[in-house]
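Chain letters run A, B, ... following the sequence lines, proteins first and then strands; every chain starts at 1. From a predicted model like this one, the values you see are computed outputs, not experimental measurements.
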Protein chains: 2
Amino acid sequence: MKLTARKVEIVTKASRLFKEKGYSAVSVRDIAQEMGMKAASLYNHIESKQEILSILVLDLARDFTCGIASVRESNISPLEKIEQIIELHIDITVNNSEALAALNNDWMHLEGEDLIDFVKMREDYEEDFRKIIKEGVELGQIQPRHPEVILFSILSTLRTLYLWYQKRGKLDVNVLKKDMVAVLLRGIV
Amino acid sequence: MKLTARKVEIVTKASRLFKEKGYSAVSVRDIAQEMGMKAASLYNHIESKQEILSILVLDLARDFTCGIASVRESNISPLEKIEQIIELHIDITVNNSEALAALNNDWMHLEGEDLIDFVKMREDYEEDFRKIIKEGVELGQIQPRHPEVILFSILSTLRTLYLWYQKRGKLDVNVLKKDMVAVLLRGIV
DNA sequence: AGACAAAACTAACGTTTGTTAGTTAAAATT
DNA sequence: AATTTTAACTAACAAACGTTAGTTTTGTCT
């Protein structure tokens, strides 16, 4: 089914609700009300509630996949690659803070092929990141800590960024990027 | 209502399910099946599905509140306090990895007084942490970054630790603590 | 062995869920 | 102006939801 303007609107409104209560706690009637229509009318635009989640999560997952592919293939040092990954996450977060909630918390409600695809993309993403970290360690650019600890401490921060970056409101994106790189790479002491 | 042994068992089993699918997607019948009984039988032990969530989340929230109170009042440097907070989170995570999922993802489904209490505890916790960071910055022990960035980059990592610490299985707790403190405080370069 | 409490059961309740069918009003196309 | 398409509507479905009532089984203590 095509992705019409109205469909995008539904997905956007739904993502706001999913962020607040989670996919399962949001009913099709909730989404309809947000759109100012009755539940049954939604089905003129979408195939199912599942489809909304699927669009939301998989589109965003593809953004990450493309983003890290571009980083992986660029001809820079591991440390610079990690810097770019941090900036990638911040950029995506700023533009998709609602959808990111669903990606983080509701991906497990995907079904069939969609679920398989998502998990694969997620694993590949982490593996790409892991390789960059290991390379950095081998080159002596990165401290010889357990790569898994490094990977997930950075990734955890980036993945939950959507929860708080906007709370502080007027924090400029470029300032955020700078502070974030500093804190994640060089620590706080 | 008293917290009998059987009730604890229900809460424990439920938390496993909540971790996998989230509170809203887990039915009372799911929990009952996990207990090897029919849904109605659960109500000999619990008052409602809500009560399970409430016990799960508030008990754990109190652990954090007590933990940080003890850190706050101890007579050590801000940096050492942060080290202790990191260890606090790791200890709690290791012993409550299922319940932590509910605390992180399902707290918003608490109702009434429980929701208010939780949010207050959470805010107080963050405020305590923030003060420690600010003190560290003033004393020159901590780099002069935006305290909010420091607060949430550390807290994000600690809060989502439950998602991955056990994936790597045989990672010793003390090794984890050491690496975690190193990465979060001194960075990776 | 009989009495009593604890904890399981079956059956059912009123709601809410996602979704379909059929209809009608508005908009776009011929 | 007539016709087709789009997008809203009402009504209803079967299934699943949390929960209650009433009954039977299980285990414990005298």
Side-chain angles (χ1 to χ4, degrees), chain A residues 1-58 102 105-115, chain B residues 1-58 102 105-115:
Chain A
M1 214 190 187
K2 261 222 74 196
L3 197 73
T4 69
R6 200 94 171 114
K7 195 163 175 176
V8 170
E9 202 184 338
I10 293 172
V11 171
T12 305
K13 287 256 167 62
S15 71
R16 271 236 341 273
L17 296 174
F18 293 166
K19 182 181 182 183
E20 273 175 30
K21 311 199 291 173
Y23 175 76
S24 303
V26 173
S27 74
V28 171
R29 283 165 180 85
D30 291 335
I31 300 169
Q33 189 174 42
E34 200 77 3
M35 290 292 297
M37 60 173 71
K38 291 300 165 68
S41 306
L42 280 177
Y43 288 81
N44 286 316
H45 307 283
I46 60 162
E47 283 173 353
S48 63
K49 187 187 175 193
Q50 260 289 309
E51 197 203 7
I52 299 176
L53 183 68
S54 173
I55 293 171
L56 211 58
V57 172
L58 289 182
N105 303 320
D106 291 319
W107 59 267
M108 69 281 274
H109 299 117
L110 289 170
E111 289 170 2
E113 201 73 26
D114 287 343
L115 179 58
Chain B
M1 213 189 184
K2 262 221 74 195
L3 197 72
T4 67
R6 200 93 170 116
K7 195 163 176 178
V8 171
E9 201 183 340
I10 292 172
V11 171
T12 305
K13 287 255 166 65
S15 71
R16 271 238 339 274
L17 296 173
F18 293 164
K19 182 180 182 183
E20 272 174 32
K21 312 199 291 173
Y23 175 75
S24 303
V26 173
S27 74
V28 170
R29 285 167 179 82
D30 291 335
I31 300 170
Q33 189 173 42
E34 200 76 5
M35 290 290 299
M37 59 174 72
K38 292 299 165 68
S41 306
L42 280 178
Y43 289 80
N44 286 317
H45 307 283
I46 60 161
E47 282 172 355
S48 63
K49 188 188 175 192
Q50 260 289 309
E51 198 204 9
I52 298 177
L53 182 68
S54 173
I55 292 171
L56 211 56
V57 173
L58 290 181
N105 303 320
D106 291 318
W107 60 267
M108 69 282 275
H109 299 116
L110 289 170
E111 289 170 2
E113 200 73 26
D114 286 343
L115 179 58

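Look at NZ on Lys7(A): it is 15 Å from C1' on dT6(D), rounded to the nearest Å. Between Ile52(A) atom CD1 and dG18(C) atom P there is a gap of 10 Å when expressed in whole angstrom units. In this structure, Arg29(B) places its CZ atom 13 Å from P of dC9(C), rounding to the nearest Å. Distance NZ (Lys38(B)) to C1' (dT24(D)): 14 Å, rounded to an integer number of Å. If you measure from atom CD of Gln33(B) to atom P of dC9(C), you get 12 Å, rounded to the nearest angstrom. Atom CD1 of Ile31(A) and atom P of dT17(C) are 11 Å apart (whole Å). Look at CE on Met37(B): it is 7 Å from P on dC9(C), rounded to the nearest Å. Look at CG on Leu42(B): it is 14 Å from C1' on dT20(D), rounded to the nearest Å.
Contact annotation: His45(B) reaches the phosphate of dA8(C) (side-chain N/O to OP1 or OP2, under 4.0 Å). For Ser27(B), a side-chain nitrogen or oxygen approaches OP1 or OP2 of dC17(D) to under 4.0 Å. Applying the 4.0 Å criterion to OP1 and OP2 of dT6(D), one finds that Arg6(A) has every side-chain N and O outside that range.
Donor-acceptor pairing under 3.5 Å, judged by distance alone, is present between the side chain of Asn44(B) and the base of dA8(C).
Looking at Phe18(A) and Ile31(A), their side chains come closer than 4.5 Å, going by heavy atoms from C-beta outward.
At least one donor-acceptor pair under 3.5 Å links the side chain of Gln50(A) to the backbone N or O of His109(A).
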If you apply the rule side chain to side chain donor-acceptor pair (under 3.5 Å), what do you find for Asp30(A) with Ser27(A), and how did you get there? CA-CA 5 Å; Asp30(A) 291 335; Ser27(A) 74; 3.3 Å; yes

Could you check Val28(B) against Tyr43(B) for side-chain contact (heavy atoms from CB on, under 4.5 Å), going step by step and ending with a plain yes or no? CA-CA 10 Å; Val28(B) 170; Tyr43(B) 289 80; 3.8 Å; yes

Applying side-chain contact (heavy atoms from CB on, under 4.5 Å), run through Glu20(B) and Met108(A) and close with a yes or a no. CA-CA 8 Å; Glu20(B) 272 174 32; Met108(A) 69 281 274; over 6 Å; no

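When distances are taken from the side chain of Ala40(B) to each of dA21(C), dA8(C), dA21(D), the shortest belongs to dA21(D). Here dT19(C) is the nucleotide among dA8(C), dT19(C), dT19(D) with the atom lying nearest to any side-chain atom of Val28(A). For Ser41(A), taking side-chain heavy atoms from C-beta onward, the closest of the listed nucleotides dC9(D), dT20(D), dT19(C) is dC9(D).
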